[in-house]
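Indexing begins at 1, ligand by ligand and atom by atom, following the structure's order. Position 1 is the first residue of the sequence; numbering continues from there. These numbers were taken from a predicted model, which means no experiment stands behind them.
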Amino acid sequence: MTETSEAAKPQVAADAPRVLKVALLGGGTVGSQVARILVDHAEALAARAGARLALEGIAVRNIGAPRDVELPRELYTTDAEGLVASADLVIELMGGIEPARTHILAALRHGASVVTGNKALLAQDGATLFDEADANDAELNFEAAVAGAIPIIRPIRESLSGDRITRVLGIVNGTTNFILDAMDTTGAQFADVLAEAQRLGYAEADPTADVEGLDAAAKAAILASLAFHTRVSLDDVRCEGITKVSAADIAAAQDAGLTIKLLAIAELVRGESGSEGVSVRVHPTLLPRTHPLAAVRGAYNAVFIEAENAGSLMFYGAGAGGAPTASAIMGDVVTTARRIVAGSPGRTGTATRFLPMVGPEGITTSYSIGLEVSDQPGVLSRVASVFAEHGVSIETMRQEIDGAGAEAGVAPLADGARASTSTASRAQLRFVTHRASEAALAATVADIKNLDVVESVTSVLRVEGV
Ligand code: HSE
């Protein structure tokens, strides 16, 4: 090689910063914050990522719509497909199933990596996305899909990948935690607190996905898949929301040193054959007020993990909001960019085995059951005998007399527990059971309802952490 030909080569320095083309799909609350961080902190991000993150465009439905953050108008486009086609890294923040799914798959197929916060899509069809990412050696990261700003996906996928997670308990929906916390603090009924939460902007005008537990169920499916290295979809999650939780339930919980939280619960369980399976459910749950999750107030989220070697861990923080969620997205963006630069996209490693789902028949839980009964001699023994017939063992029993609000009987239930001598015609009984199967509990409740001395079963709540 002559000196002349050497001098003719293009003068690109070996250490010239690499440029990664970034496509942002969605310019809403989170998307605007992501764009702001990409633009305002470009230098710092380039230094951390090892590549300049060039925001090529923001795909939106309506270019003229008002935005939370002011950005150059030429960044906006309605051509998501075109933006994705030339990108190295796609940030998907459109939400919903389509067209998000199509754009993510298109990006992965041409080898671009993807960062998304799309819990609905991951919970419904995560397997297709993971397989496509692996097939194309592309990155697929989704820290923002569960519990907003809280680092929980990466700790499960990476930090705990050498351990064996046995259980995950999560407060992963801020709206319901805000409502239950306000009911606990004020003694108000669900409907009143929901109306106030809507007025303050903590609850959506249509709160169904939150209060019926569907949002938490999608997050539970994602957490369970990752924690147990298997595939769990939204359809596998049993789900009950908080709409039936009453002020009386909250007051009774307080009396017993408990609080009510909407928990996403994912656990490894042994089926009747002794083989391992997975149970994933979302429901209002009584927790001791001393449990770390009981201290999670307002709209905050937290995830409590039990692992064989690490023991108990808790992750806590803001579960929603533009800037907090953008923080999780940007963490994924920098991590993804580093791996692209290093030329070593990690395998998604999401499923290494296929564990069967275990239904209610395979799960035992403690229950709290509230009854309104006639206050007369012999009622308690008739109710107690129904528990005994179904092999459900009572741990504690409390009684309150209507009108008096006084506690007449206190746990633990002992032989000869005294019947009330009050002249009031109704009494409230609240039983807490030892662990029982859902089938045995359901049969017990059905038979108790049929007793002529029972006016109504006022609540059935599961208890954890006792
Ligand atoms: N609606 C959710 C919540 C936030 O209330 O926590 C987004 O998942």
Notebook entry, point to check: Is R67 positioned over the aromatic face of Y76, cation under 6.0 angstrom from the ring centre and no more than 45 degrees off axis?
Noted result: yes
Check: What residues sit with at least one heavy atom under 4.0 Å from ligand 1?
Finding: K119, N173, G174, T175, D210, D215, K219, A320
Note to self: I'd like to know if the side chain of D332 pairs up with that of T335 as donor and acceptor (distance under 3.5 Å, no hydrogens or angles considered).
What the structure shows: no
Check: Do the side chains of Q198 and P207 get nearer than 4.5 Å, heavy atoms only?
Finding: yes
Margin query: For the residue pair Q33 / D68, report whether a side-chain donor-acceptor contact shorter than 3.5 Å exists.
Written below: no
Check: If you measure from the Lys or Arg side-chain nitrogens to the Asp or Glu carboxylate oxygens, is any gap between R238 and E438 under 4.0 Å?
Finding: yes
For residues 312-328, which side-chain donor-acceptor pairs fall under 3.5 Å, sequence neighbours excluded?
unit_1, atom_1, unit_2, atom_2, d
T325, OG1, G321, O, 2.7

